[in-house]
Engineer: 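Once you've had a glance at the structure underneath, I'll fire off some questions.
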Amino acid sequence: MYQFAEIEKKWQKVWQEQGCFKVQKMPGRMKYYLLEMFPYPSGKIHMGHVRNYTIGDVVARFKIMQGYQVLHPMGFDAFGQPAENAAIKNNTKPDIWTRKCIEWMRQELKRMGFSYDWDREVVTCDKEYYRWNQWIFLKMFERGLAYKKASNVNWCPACATTLANEEVIDGGCWRCHTKVEQKELEQWYLKITEYKERLLEDLKLLEHWPRRVIAMQTNWIGKSEGVEIYFRLQESDKVISVFTTRVDTIFGATYLVLAPEHPSVLEIIRGKPQEREVLKFIDKVAKESKAIRAAEGVKKEGVFTGAYAINPVNNEVIPIWIADYVLMEYGTGAIMAVPTHDQRDFLFAKEHRLSMRLVIQPKEGMRLMPETMTAAYEGDGVQVNSGQFNGLPNQEAKQKIAAWMQNSGIGRIKVHWRLRDWLISRQRYWGTPIPIIYCGKCGTAPVPYEDLPVELPKDAPFTGEGGSPLSKVEEFVNTRCPRCKGQALRETDTMATFFDSSWYFLRFCSPHFTQLPFDIEEARYWMPVDQYIGGIEHAILHLLYARFFTKFFKDLGLINIDEPFRRLLTQGMVLKDGQVMSKSKGNIVDPDSIITKYGADTLRLFILFAAPPETELEWDDRGIEGAFKFLNRVWRIRKNLREKADLAVLKILHRTIKKVTEDFQEFKFNTAIASLMELTNAIYQFGADKEVFERLVLMLAPIAPHLCEELWQGLGHQESISRESWPVYDARFLVDETVTIVVQVNGKVRAKIETPRDTGEDRLKELILADQKIAALLAETPPKKFIFVPQKLVNIVI
RNA sequence: GGGCAAGUGGCGGAAUGGCAUACGCACGGGACUUAAAAUCCCGGGUCCGCAAGGAUGUGAGGGUUCGACUCCCUCCUUGCCCACCA
């Protein structure tokens, strides 16, 4: 058994003392920026971190050996609510608690042997970092991209703070799952919608992103093309606009439905007999939160308003209803209902006995009739009951109707987006103060750049409930107006922490730069990130925000790239007994205890070997034993080297170099390790000389760096193995003089014959027919056809 | 309801049009040992057979092909994301 504890400690010290992984830009040399999503400093690393960072570390070390300048930094996403909660619980301060956690985590990361340039560490709660959050905010404010508005916002009562749309999951808070309420508040927003076209369009540039992440972002941005249609009221000139993506069904609109919150509702019902009933219904819906409205799903309640509108395409008079299934947040808050071709409208119409008209007849199958339909027909077909558009395929009619409506002024072709502006105000203490001052005389004023940072006070009386903690710190709140120098008040909300992580990858390029968020020259060299690695849970929020910030920096002229992350790898989760490791399930395996028992190299090896990076990984205590056994097996080779290696082993060696190099490039670590194991098995069978063994050690080094450093030194080398060149294969060893030809009869393997490589088809045929087994099979039924796959296979059809 | 993945031995997984189950775990056998552990070597899809060998086999059913885990169609199951989105 090799002494992993000693060896690992020894080499970690050497790496640190020699500054092995410090990196500087070197113009003219190929760079490689490898980034793993930085952690929230919870205090302990978990297997998810181990997996994420091990994958990254292997790639970083591999690229260094291939001769790249590799930027591989690490930092801490240190602001956020858990620090406040922990501080309350442990009767300490978020600052102290966070710094202690960072200290522990840094030690654990070092114990894993990761090749970070620790000189570049970035901690977001340092004022040298968050001052640039404030700087960025002010730049956005100047350009109208940061603005304050009052609106109904998502409010988590447990966290006592607002939430972005992106942070509401199934109607609950993304962090504590408490039911989210709606609250009218004045809050700061970032105008991400200004960038919606580019955020959508540039997804096309991301060829090396997982398709599903692209799909999720596309979905989230939610572009839909349709027509806004103007319906005039029967009794006045007032107009109700509706948005539809199915303008081909406009002739089938038999009523309108407004959201209960629609601003026109009160006017429409005024003085009507239905007024009282409608008000009652609105009141009832208002009490229900959005989450409940969505959750109850199928139930579609509504009432008639007593008013009528005119369908502009055929001047038909149709009733106006209000219903809870129409949402004010989407479209215009009003819809045209086409019960025959929309399932929700169909259910509602059946329930309230509203009329239906078929306008699209399927091309094949039964002819539909509204009276006998049991569900809406949402597929394609041919227009009927649609005036001059009758007989057209509906997809074609869609284009023509839209153009016609636009020309006659009864509608307008319009694009609707689902993406909303990003709410960044948080009523919490542990975050970046928003650099804004309110003056009674001058109004809202940005903090002058020279006054940055607006420092977060060390002390604030926070309890986790009621209002922004900073509002209670008088020396923070009270200030002077930058314009009139009179008494003024500071903004007391802090920024959402997703702001911090939206540009940290740029800060890593020049972490100590004092003139700007980052040094333009450094960023020009290092950016974009060549490979980004992290969890799928950030597929929307973080990655969308980071893309937004990058485009903003481009507009500021600070960088000249459109997208921050060239390639993205989303690693799978680590499971135990088929479930995600979690405290509540009690199935956590602590990386620390594994390192103590087997060493970091074994842990690294196992986590790469057990599954491909993108799939879920099932933790297996016995599997880790196997990984440990393999490393010991490699360790023992050093004592049994021969003078000269067997040709068989050389062939396998060169095949392995080819395979491992290719696999590393594609992040197929599990199969790369499998071939290293095969090579090891071959060495046990045939023996190896020093050169063969050295190349095995070089290939294993990115995976098990400590063990390989020790072996490398033992083989007589002075330099760290991490700076050695990656081995190259010699193609001459890959070619054999003879090949094994698989002989199939009707697709079934019946024989294998060994022949010289260059055997011609005629000669091969002779050899095959001479084979006893094949001859026996062909005796009864003569062959119809021979199919030759050169140097591989022959299939005989009989 | 929409979108995207995935389904292969007892288990993790390999093979993406050409020998299904590489590599590892677990299991069985052997060597070494007084013995055990460790180590080294060998064997394992399933069914029939002492064996040689044969049949069968990648969620189910169909198709394309000389040949399909791989491509196409239908269905089932599981996971993830979005969702009264008009």
Side-chain angles (χ1 to χ4, degrees), chain A residues 1 169-170 210-220 222 224 226-227 229 242-247 249 257 259 290 293-300 323-327 329-338 341-345 347-348 378 416-418 536-537 539-540 570 572-573 575 578 605-606 609-612 614-627 629-630 632-633 636 668 670-681 684-685 740-752 773 783-789 792-798:
Chain A
M1 200 177 89
I169 315 281
D170 289 334
R211 286 203 355 233
R212 61 175 176 152
V213 175
I214 301 282
M216 280 155 110
Q217 294 225 348
T218 305
N219 208 327
W220 188 263
S224 57
V227 178
I229 305 170
V242 306
F243 177 74
T244 181
T245 54
R246 288 296 306 273
V247 75
T249 65
V257 190
K290 263 190 273 182
R293 250 167 94 176
E296 290 188 351
V298 279
K299 218 164 70 191
K300 293 181 188 355
D324 58 358
Y325 77 98
V326 175
L327 306 174
E329 304 81 53
Y330 193 80
T332 59
I335 63 157
M336 64 172 200
V338 185
H341 304 295
D342 181 288
Q343 184 60 18
R344 290 158 305 171
D345 297 342
L347 293 173
F348 191 79
E378 296 180 338
H416 186 267
W417 301 80
R418 190 184 166 281
I536 185 74
E537 65 273 19
I540 297 171
T570 50
M573 293 203 262
L575 310 180
L605 176 71
F606 170 72
F609 183 56
E614 304 222 54
T615 53
E616 290 177 335
L617 184 152
E618 176 70 28
W619 182 264
D620 181 1
D621 286 325
R622 288 175 308 208
I624 197 129
E625 293 266 2
K629 253 159 59 181
F630 170 67
N632 276 292
R633 218 163 130 80
R636 279 190 298 271
K668 290 155 88 175
N670 55 334
T671 50
I673 293 167
S675 20
L676 291 174
M677 287 171 166
E678 283 179 81
L679 174 60
T680 304
N681 291 344
Y684 270 77
Q685 194 180 343
T740 307
I741 303 289
V742 173
V743 184
Q744 296 183 332
V745 176
N746 281 349
K748 287 201 157 86
V749 180
R750 295 299 175 178
K752 287 174 192 181
K773 231 181 114 179
K784 274 192 211 151
K785 199 174 168 188
F786 282 75
I787 288 153
F788 294 93
V789 181
K792 232 181 202 170
L793 175 140
V794 176
N795 191 15
I796 307 167
V797 188
I798 60 169

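Here is how names work: the chains are called A, B, and so on, in the same order as the sequence lines, proteins then strands, and each is numbered from 1.
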Engineer: Looking only at atom P, what distance separates G54(B) and C40(B), rounded to whole Å?
Structural biologist: 36 Å

Engineer: Mind listing the N/O atom pairs, protein and nucleotides 37-47 of chain B, below 3.5 Å?
Structural biologist:
unit_1: U39(B); atom_1: O3'; unit_2: Arg636(A); atom_2: NH2; d: 3.2
unit_1: C40(B); atom_1: OP1; unit_2: Arg633(A); atom_2: NH1; d: 2.6
unit_1: C40(B); atom_1: OP1; unit_2: Arg636(A); atom_2: NH2; d: 3.3

Engineer: Work out how far the C1' atom of G9(B) is from that of G59(B), and round it to whole angstrom.
Structural biologist: 15 Å

Engineer: Please work out whether G7(B) sits syn or anti, treating a glycosidic angle within 90° of 0 as syn.
Structural biologist: anti

Engineer: Any sub-3.5 Å donor-acceptor pair from Asp345(A)'s side-chain atoms to Val338(A)'s backbone N or O?
Structural biologist: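 A pair under 3.5 Å: yes.
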
Engineer: Of all heavy-atom pairs between His341(A) and Glu378(A), which one has the smallest distance, and what is that distance?
Structural biologist: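 Nearest heavy atoms, His341(A) then Glu378(A): O-CG, 3.5 Å.
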
Engineer: Check ring-ring contact (aromatic ring centres under 6.0 Å, His included) between Phe630(A) and all other residues, then give those that pass, not counting sequence neighbours.
Structural biologist: none

Engineer: Measure all distances between protein nitrogen or oxygen atoms and nitrogen or oxygen atoms of nucleotides 78-80 of chain B, and list the pairs falling under 3.5 Å.
Structural biologist:
none

Engineer: To the side chain of Ala610(A), which of G2(B), A14(B), G12(B) is closest?
Structural biologist: G12(B)

Engineer: Between C82(B) atom P and Tyr330(A) atom OH, what is the distance in whole Å?
Structural biologist: 16 Å

Engineer: Sequence neighbours excluded, which residues qualify as side chain to side chain contact (heavy atoms under 4.5 Å, CB included) partners of Ala674(A)?
Structural biologist: Phe609(A)

Engineer: Tell which nucleotide pairs with G28(B), taking only Watson-Crick or G-U wobble pairs whose two distances are both under 3.5 angstrom.
Structural biologist: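 Base partner found: C42(B).
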
Engineer: Classify the side-chain pair Arg418(A)/Asn219(A) by whether it contains a donor and acceptor separated by less than 3.5 Å.
Structural biologist: no

Engineer: When we call it a touch if two heavy atoms are under 4.0 Å apart, what does Pro210(A) touch: a base, just sugar-phosphate, or nothing?
Structural biologist: nothing

Engineer: Of the nucleotides A86(B), U56(B), A14(B), which has the atom closest to the Ser224(A) side chain?
Structural biologist: A86(B)

Engineer: Between Thr615(A) and Ala611(A) (side chain of the first, backbone of the second, donor and acceptor by atom type, cut-off under 3.5 Å), is there such a pair?
Structural biologist: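 Pair absent, no side-chain N/O of Thr615(A) close to backbone of Ala611(A).
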
Engineer: Measure up the Phe348(A) and Tyr325(A) rings against each other and bin them: parallel (under 30°), tilted (30 to 60°), perpendicular (over 60°).
Structural biologist: tilted

Engineer: Going through the checks in order, is the side-chain contact (heavy atoms from CB on, under 4.5 Å) test met by Val794(A) and Ile787(A)?
Structural biologist: CA-CA 6 Å; Val794(A) 176; Ile787(A) 288 153; over 6 Å; no

Engineer: Is any side-chain heavy atom of Val749(A) closer than 4.5 Å to one of Val743(A)?
Structural biologist: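 No; the side chains remain at least 4.5 Å from each other.
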
Engineer: State which of A83(B), A86(B), A20(B) makes the closest approach to the side chain of Val749(A).
Structural biologist: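 Comparing A83(B), A86(B), A20(B) against the side chain of Val749(A), the answer is A20(B).
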
Engineer: Rounded to the nearest Å, what distance is computed from the NZ atom of residue Lys668(A) to the C1' atom of nucleotide A14(B)?
Structural biologist: 10 Å

Engineer: Check whether any side-chain N or O of Gln744(A) sits under 3.5 Å from a backbone N or O of Ile796(A) as a donor-acceptor pair, and report yes or no.
Structural biologist: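 Checking the backbone N and O of Ile796(A) against the side chain of Gln744(A), no donor-acceptor pair under 3.5 Å is found.
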
Engineer: Do Ile798(A) and Asn746(A) pass the side-chain contact (heavy atoms from CB on, under 4.5 Å) test, and can you show the C-alpha distance, the side-chain angles, and the key distance before you say yes or no?
Structural biologist: CA-CA 7 Å; Ile798(A) 60 169; Asn746(A) 281 349; 3.6 Å; yes

Engineer: Can you identify which nucleotide, out of G54(B), C82(B), U56(B), has its nearest atom closest to the Ile540(A) side chain?
Structural biologist: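 Closest of the options to the side chain of Ile540(A): C82(B).
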
Engineer: Sticking with atom P, work out how far G79(B) lies from C73(B), rounded to a whole angstrom.
Structural biologist: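 The same atom, P, in both gives a distance of 25 Å.
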
Engineer: Once side chain to side chain contact (heavy atoms under 4.5 Å, CB included) is applied, do any residues pair with Ala215(A), and if so which ones, sequence neighbours excluded?
Structural biologist: none

Engineer: Please report the distance separating the P of A36(B) from the corresponding atom of U46(B), rounded so that it comes out in whole Å.
Structural biologist: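 Straight-line distance between the two P atoms is 29 Å.
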
Engineer: From the set A86(B), G12(B), A15(B), return the single nucleotide nearest to any side-chain atom of Arg344(A).
Structural biologist: A86(B)

Engineer: How many Å lie between CG on Leu575(A) and P on G12(B), as a whole number?
Structural biologist: 11 Å

Engineer: Taking the side chain as C-beta and beyond, is there a heavy-atom pair between Thr570(A) and Glu614(A) under 4.5 Å?
Structural biologist: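 SC-SC contact between Thr570(A) and Glu614(A) confirmed.
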
Engineer: Looking only at atom P, what distance separates G24(B) and A15(B), rounded to whole Å?
Structural biologist: 16 Å

Engineer: Between C84(B) atom P and Asp324(A) atom CG, what is the distance in whole Å?
Structural biologist: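 Roughly 12 Å, once rounded to whole Å.
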
Engineer: On RNA chain B, compare the nucleotides closest to Arg750(A) and Met677(A); which residue's is nearer the 5' end?
Structural biologist: Met677(A)

Engineer: I want to verify a distance call: between C19(B), G18(B), G3(B), whose nearest atom is closest to the Lys752(A) side chain?
Structural biologist: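 Of the options given, the side chain of Lys752(A) lies nearest C19(B).
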
Engineer: Measure CZ/Arg418(A) against P/C85(B) and give the value in whole Å, please.
Structural biologist: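 To the nearest whole Å, that distance equals 11 Å.
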
Engineer: Could you tell me how far G10(B) sits from C76(B) if I compare only their C1' atoms? Round to whole Å.
Structural biologist: 25 Å

Engineer: Want to settle it: does Arg211(A) or Asp620(A) sit nearer the 5' end of RNA chain B, counting the closest nucleotide to each?
Structural biologist: Arg211(A)

Engineer: Which whole number of Å gives the distance between the P atom of G49(B) and that of A60(B)?
Structural biologist: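 The same atom, P, in both gives a distance of 26 Å.
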
Engineer: G79(B) pairs with which nucleotide, Watson-Crick or G-U wobble, both distances below 3.5 Å?
Structural biologist: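 Looking at the geometry, G79(B) pairs with C4(B).
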
Engineer: For the C1' atoms, the ones on G7(B) and on U58(B), what distance do you get once it is rounded to whole angstrom?
Structural biologist: 9 Å

Engineer: Whom does U64(B) pair with, Watson-Crick or G-U wobble, provided both distances fall under 3.5 Å?
Structural biologist: none

Engineer: Can you identify which nucleotide, out of C4(B), C82(B), A86(B), has its nearest atom closest to the Trp220(A) side chain?
Structural biologist: C82(B)

Engineer: Measure from the side-chain heavy atoms of Asn670(A) and tell me the nearest of A26(B), A14(B), U56(B).
Structural biologist: A14(B)

Engineer: Hey, is G45(B) sitting syn or anti, using the within-90° cutoff around 0?
Structural biologist: anti

Engineer: Please enumerate all protein N or O atoms sitting under 3.5 Å from an N or O of nucleotides 61-67 of chain B, with distances to 0.1 Å.
Structural biologist:
unit_1: C66(B); atom_1: O2'; unit_2: Asn795(A); atom_2: ND2; d: 3.3
unit_1: C66(B); atom_1: O2; unit_2: Asn795(A); atom_2: ND2; d: 2.5

Engineer: Angle between ring planes, Phe606(A) versus Trp619(A), binned at 30° and 60°: parallel, tilted or perpendicular?
Structural biologist: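 The rings of Phe606(A) and Trp619(A) stand perpendicular, inter-plane angle above 60°.
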
